[in-house]
Structures are given as C-alpha cells and as structure tokens.
Amino acid sequence: MSGSTKYWLLKSEPDCFSIDDLAREKNKTTCWDGVRNYQARNYIRDDMHKGDKVLFYHSSTNPPGVAGVAKIVKDPYPDFTAFDPKDKHFDPKSRQESPRWFMVDIKLEKKLKRFVSLDELRKIKSLEGMVLLQKGSRLSVQPVTQQQFEIVCQLADKPAPAE
DNA sequence: GCCAACGTTGGC
DNA sequence: GCCAACGTTGGC
C-alpha cells in the first residue's frame, strides 16, 4: 500500500441521488458514475484511492450543504455508463480499449447528525480556503484537506448556530 | 427562473 | 491556436 488517506467532496443533486438514496443501496454502496468533466475525471482517475474519505454534498437544493460522510471502497475504474448508447451519460468517444471517464465506488459511513449548510460553512474562518467556497467554483469533485474535513464533521456534532 | 462563471465546440 | 457561440452548473 502506498500514499495516505485523501479527502474529497462529492456533489450530488438530492432530487437525482440523495444521501438517503445512498443509505438504501445494497451495502450502502454505489458507483459514482456520470462525471463528465476533465478536471473532475483527473482527480478521480489519478488521485483517488480506496480508503479515501468523502464529504457527501447536496447541490441545487435549498439549502445546499454537506449531508454525510462516505468512504471510497473501490479504486478508480472505467465508467461503463460511457459505453452504453442507451445511457444518459453515453459518450461515443470513450472506448473500451482507452476509456475516457472513470469512477469509484463509495459507501456511506454516516449521515451527519445534522445537515451543515453552505451558508454556515461560509461563516467559518478556518474553512475559507475550501474549494467549495471559492467564487465560481462548480466542480462536482473537489479535494478537501484533512483539517477541512474534520472541521465540517465537528460542526455537525454541535448544535446549529443561532441566526 | 435568472444569470455569473466556467467549460466545450467548431469555424477560421 | 484564437475566440465567438453555445451549453452547463448551481447559488440565489
């Protein structure tokens, strides 16, 4: 084994696939298919490893925010939905012999004790470097530091801040 | 539904 | 390789 645990934030639209959907999956595990952005692909293909930890983020919902923690349980492998002409994420340019898109499997570790909203994250000084909080940032796969990961988890264990 | 910020495409 | 046009993301 090489390398140490890395930390990530994965966005999902809950109308499409929520943390509760993940909880209902067999073994609470799903393949993270459908990523069709090169920067996100590079993170998945080149930097993700089994054992890495994931913040599961709900986007395009009100409010957006972090809903839970998951773990990568399978190393990156070709996203087979790109090979299927009937699939919504079909990409004819991705070939079996040279796959263009990759995915990992993730397993739910826990739903956070409470939902931590984007608005709340923005107010935390020590999180201002998070990729998520940068202006114009819309990558669906983002690296987070171990410290950022732990701060978000600890926030969820405390009561929600008063308005 | 609006629109800013990005990413992708394709003509040249 | 430039860049205008178009498409997408995602907070608001």
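Here is how names work: the chains are called A, B, and so on, in the same order as the sequence lines, proteins then strands, and each is numbered from 1. Predicted model, so just to flag it, every value in this text is computed and none were measured.
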Return the value, rounded to whole Å, for the distance between atom [atom1] of [X] and atom [atom2] of [N].
X: A/L133; N: C/dG11; atom1: CG; atom2: P; value: 11 Å
X: A/L132; N: B/dA5; atom1: CG; atom2: P; value: 17 Å
X: A/Y38; N: C/dT9; atom1: OH; atom2: C1'; value: 18 Å
X: A/Q39; N: C/dT9; atom1: CD; atom2: P; value: 15 Å
X: A/L121; N: C/dG11; atom1: CG; atom2: C1'; value: 14 Å
X: A/L139; N: C/dG11; atom1: CG; atom2: P; value: 13 Å
X: A/L10; N: C/dG10; atom1: CG; atom2: C1'; value: 16 Å
X: A/D91; N: B/dT8; atom1: CG; atom2: C1'; value: 12 Å

Could you work out which one of [options] sits closest to the side chain of [X]?
X: A/K11; options: B/dT8, C/dG11, C/dG10; value: C/dG10
X: A/K93; options: C/dG11, B/dA5, B/dT9; value: B/dT9
X: A/N37; options: B/dG7, B/dA5, C/dG10; value: B/dG7
X: A/Y57; options: B/dT8, B/dG7, C/dG11; value: C/dG11

Distance to the ring centre below 6.0 angstrom and angle to the axis at most 45 degrees; does that hold for A/K74 and A/Y77?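 The answer is yes; both the distance and angle limits are met.
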Going by atom types alone, do A/Q146 and A/E150 pair a side-chain donor with an acceptor below 3.5 Å?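 Yes - a donor-acceptor pair under 3.5 Å links their side chains.
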Are the aromatic ring centres of A/F102 and A/W32 under 6.0 angstrom apart?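 That pair fails the under 6.0 Å test.
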Give a yes/no answer on whether the side chain of A/K135 brings an N or O atom under 4.0 Å of OP1 or OP2 in B/dA5.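 The answer is yes; a side-chain N or O of A/K135 sits under 4.0 Å from OP1 or OP2.
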With the 4.5 Å side-chain cut-off for hydrophobic clustering, are A/L118 and A/I151 part of the same group?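 The answer is yes; both residues are in one hydrophobic cluster.
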